[in-house]
Amino acid sequence: LTTHYLEEAESMCRNIAIIDRGRIVENTRMRELLGRLTHETLILDLVEPFSAPLPAIAGVELRLIEPLCLELQFERGLSLAAAFTQLAASGVTIASLRNKTNRLEELYMQLVTRRETCHE
């Protein structure tokens, strides 16, 4: 698969080569590359609209995208059990959750920016 759509590559590929200006800057397994992320972001779909102030949760950044959608960013390795308990105590009922889809794009930008900085 050759694509400029990083979301498509992330969902369909086991291995990935990232090319910048005609040079391969990364050639590895998708899982290994995504493992380099220092944080993860989940999108939480809520059962009911939420409008109260968001709770402060250690190691977690919350952002209400819309009344039925909450973004939860957390440091990798952090246990989310306490975060979900605090959300439930604040009246947040989660219908479903999914990973935010721009993880590979974020890593791509880090690789390209690092390369540009190193070669200037």
Subject >> Rounded distance (nearest 0.5 Å) linking atom CG of Leu80 with atom CG of Leu72 >> reply: 6.5 Å

**OP:** Check the pair Ile94, Leu70 against side-chain contact (heavy atoms from CB on, under 4.5 Å), reporting the backbone distance first and the verdict last.
**Re:** CA-CA 9 Å; Ile94 301 167; Leu70 185 65; over 6 Å; no

Original post:
To the nearest 0.5 Å, what is the distance between CG (Leu104) and SG (Cys13)?
Top reply: 9.0 Å

Original post:
About how many Å separate OG1 of Thr28 and CG of Asn15, when rounded to the nearest 0.5 Å?
Top reply: 7.5 Å

Original post:
Where do Ile18 and Asn27 land on the side-chain contact (heavy atoms from CB on, under 4.5 Å) test, with the steps shown first?
Top reply: CA-CA 6 Å; Ile18 295 177; Asn27 187 6; over 6 Å; no

Contacts under 3.5 angstrom, residues 41-59 side chains, donor-acceptor by atom type, not counting sequence neighbours:
residue: Asp45; atom: OD1; partner: Arg98; partner atom: NH1; Å: 3.2
residue: Asp45; atom: OD2; partner: Ser96; partner atom: OG; Å: 3.0
residue: Asp45; atom: OD2; partner: Arg98; partner atom: NH1; Å: 2.5

Original post:
Are Leu97 and Leu34 joined in one hydrophobic group, where the rule is that I, L, V, M, F, W and Y side chains link up if heavy atoms are under 4.5 Å apart?
Top reply: no

Original post:
Does the distance from a Lys or Arg side-chain N to an Asp or Glu carboxylate O, for Glu26 and Arg36, drop under 4.0 Å?
Top reply: yes

Original post:
In a check of side-chain contact (heavy atoms from CB on, under 4.5 Å) between Ile16 and each of Arg29, Met30, Glu32, Arg31, which one passes?
Top reply: Met30

Original post:
Is there a donor in the side chain of His39 and an acceptor in the side chain of Gln73, or the other way round, less than 3.5 Å apart?
Top reply: yes

Original post:
Does CD in Glu61 sit with more than 12 non-hydrogen atoms of other residues, nucleotides or ligands closer than 6.0 Å?
Top reply: no

